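Values in this document were obtained by computation on a predicted structure and should not be read as measured data.
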There are 4 protein chains.
Amino acid sequence: MGGSRQQRRGDTRQRIQDVALELFAEQGYEKTSLREIAERLEVTKAALYYHFKTKEEILASLQEDLSRPMDELIEWGKGQPRTLETKQEILNRYSEALIGATPFFRFMHENQATVRELRTGEDFKDRMIRMLDLLREPEATMTDQVRCVSALFSMHAGMLALKDIEGDPEDKRKAILEVATELITQANTPKP
Amino acid sequence: MGGSRQQRRGDTRQRIQDVALELFAEQGYEKTSLREIAERLEVTKAALYYHFKTKEEILASLQEDLSRPMDELIEWGKGQPRTLETKQEILNRYSEALIGATPFFRFMHENQATVRELRTGEDFKDRMIRMLDLLREPEATMTDQVRCVSALFSMHAGMLALKDIEGDPEDKRKAILEVATELITQANTPKP
Amino acid sequence: MGGSRQQRRGDTRQRIQDVALELFAEQGYEKTSLREIAERLEVTKAALYYHFKTKEEILASLQEDLSRPMDELIEWGKGQPRTLETKQEILNRYSEALIGATPFFRFMHENQATVRELRTGEDFKDRMIRMLDLLREPEATMTDQVRCVSALFSMHAGMLALKDIEGDPEDKRKAILEVATELITQANTPKP
Amino acid sequence: MGGSRQQRRGDTRQRIQDVALELFAEQGYEKTSLREIAERLEVTKAALYYHFKTKEEILASLQEDLSRPMDELIEWGKGQPRTLETKQEILNRYSEALIGATPFFRFMHENQATVRELRTGEDFKDRMIRMLDLLREPEATMTDQVRCVSALFSMHAGMLALKDIEGDPEDKRKAILEVATELITQANTPKP
DNA sequence: GATGAATGAGTGTTCATTCAT
DNA sequence: GATGAATGAACACTCATTCAT
């Protein structure tokens, strides 16, 4: 089933990342030991050290790979006019990015305490802040700022909370996106 | 600084809880060792075990103490008519409960991966589900259901994300509550 | 069931011994903690220390009480003529002593490694040697000496091994005694 | 004294077993800590865990190695006719197996309480029962059954009790074997 | 006659990491 | 491109024991 020993040659690095992400997301970073990762891959722990200098570096490498879509989105956003349409499109694209890397975002969300003081954590937080900066207007009322925070986090929360409930993933994504869009629209509507 | 050895007598249990919550919230559950807790209190690890059977039980005791307001709120909610006004009042009360136990909620949010397979985690999840059940109508559209989830989680996210930003806590609370209330109101508005 | 708190007053020492013997025999000395004993008695560990200076002393006290029959038997034996009849009678009496203190002997047998370097262990071994000295003739052939050792140990082994097998305890005791008696008789029969 | 660091390479597993058996037999299983074993070998505790998953597994590995002769004997016995001669030969071979693994059997005998709830203990008990089944006739009188039990246990007891007494080991073995053989012969002699 | 609170020394076990081969 | 063997530091937890009250 899936991949002979021969075929595995050369893609070990990738396989480590895959297994690590799976386990990190499932059990958390701290509770996932290198022994466990190695065992699943049927290699020795020492082999992991051939490909990565430390455990933390495995996580860092995941982050580098998986947050590229987010970086691209931020980059794109910065080049656009700060209109409501742009913001709506950002949310739209974000919801797709989220789906493409669900386990990674899940991991980031559920392991904040751990990830916070890992270099890698700062980076993620930075990205979130930059995302937020694309959405909110610094001069807006606090309520409007909260709406923006809400729009962003609702997308995470939605994906995570709705995970074990009900229907079609695409329907869910759309519903979540709809609510987030409403929030951002409201936040950008001039009040009398 | 604060409290002679004499005065400390008899309140060790409480002091363990305080320090534990502080460290758990700051560094996470796994990364906080009993040695660390003990050292801060200037007692031995064994002393902790006089007061709590396991590390997990320290956490459980925190939960028991700190989620009582939430339990009371759920109980109260169950006795009320399922009107929009009730739901708004639930959110209102919830925002106050949240403030009274911020570090605990922060901990719960940032350590989900860890806490998931602990009793504590399950209990917490149960409570959240029961809270949600007070707010949402099972027959509502998915979008409305998402609005309810959003209303609830936005309160958490708001508290957590706004922590290191700007102004008066009470202003923040009100802004967050306003957004959540909007969401719940929207979710309970009949659509044409 | 059996004994109000009031009635228990004053016999705590005895109750500690009873529970300790039970647990020591069941799980071994090392694996039985004072906490366990205390819990079963519904007193605190510290209470045990009111009655006994150390854990070892609990064991010592048991031994003192329970090996009195053995001491008396040895004393009696020393006053008798070294005839075959005496030896047979010693075995007979020993088999009865054994039954009266089965858990204690079981404990002694199954915890030799532990008990060996406890003061109390020396004593038990001494007693066994003195028993043996009543049965064997120093000038006898090695085979006859082995018969004596066998006679003695078969009684222990028999009681322990037959525990979870078959019928009436008194029948068992008699069968064991018969074999032991045969051995001692054989050992004391002059060879051509 | 015996073996440079270089030479030690590669036989650590064996050395752990040797030292463990020695200490287990000397002080008992519970009272022998992994620290002690490690110190004697001049390695760290963690090194032990490279070779064995748990403390119990060290014991299990000893048993596997040391009770192979016993297993072979049982297997051989099952293939033979149930005659007196076979039984005598079983005892004969058993006495030799016993000598080859004296410390292990001594350990098993003196740590019964501890070992009882370990896999090792159950396996050992099974083997003893199967040995016994080769020797005894289910329809025999209880006295004859006791003779069989006695024959078996006398061999153990003999080895253990005669340890610190007198002469040539081979003489002792023969004397013990003689007594055991008598018992089994007696047990298999039809009574009038 | 006993408890509440604590200690010091220890246990078995796990972890990320290293390095010669 | 990987392994076998090991380490050092830590961890949660348990134990027998003490002592002021």
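Within the shown strands, E/dT3 is the pairing partner of F/dA20 under the Watson-Crick or G-U definition, both distances less than 3.5 Å.
Annotation: of the two residues near DNA chain F, D/Leu48 and C/Ala46, the 5′-most nearest-nucleotide partner is D/Leu48.
The side chain of C/Thr44 lies closest to E/dT3 when the candidates are F/dT17, E/dT3, F/dA6. Nearest nucleotide to the D/Lys55 side chain, out of F/dA2, E/dT13, E/dA2: E/dT13.
Residues A/Ser61 and A/Gln17 bring a donor and an acceptor atom of their side chains to less than 3.5 Å of each other.
A salt bridge is defined here as a Lys NZ or Arg NE, NH1 or NH2 lying under 4.0 Å from an Asp or Glu carboxylate O, and C/Glu36 with C/Arg40 fails to meet this definition.
When rounded to the nearest whole Å, the span between OH of A/Tyr50 and C1' of E/dC19 equals 15 Å. The CD-P distance, from D/Glu57 to E/dT13, rounds to 10 Å in whole Å. Note: CD (C/Glu42) to P (E/dT3) measures 11 Å, nearest angstrom. Rounded to whole angstrom, the span from the CD atom of D/Glu39 across to the P atom of E/dG12 amounts to 12 Å. Between the OH atom of C/Tyr49 and the P atom of F/dA20 there is a distance of 17 Å, rounded to whole Å. Rounded to an integer number of Å, the gap from B/Ile16 CD1 to E/dT7 C1' is 14 Å.
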CA sep, side-chain torsions, deciding dist, call: D/Ile58, D/Ile16, side-chain contact (heavy atoms from CB on, under 4.5 Å): CA-CA 8 Å; D/Ile58 298 180; D/Ile16 293 171; 4.2 Å; yes
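At a non-hydrogen distance threshold of 4.0 Å, D/Thr32, D/Ser33, D/Leu34, D/Arg35 from residues 26-37 of chain D come into contact with DNA chain E.
Taking the six-membered ring where the residue is Trp, D/Phe124 and D/Phe104 present perpendicular rings, their angle passing 60° and hence far from 30°.
Counting distance only, with no hydrogens placed and no angle test, the side-chain atoms of D/Lys45 and the base atoms of E/dT13 include a donor-acceptor pair under 3.5 Å.
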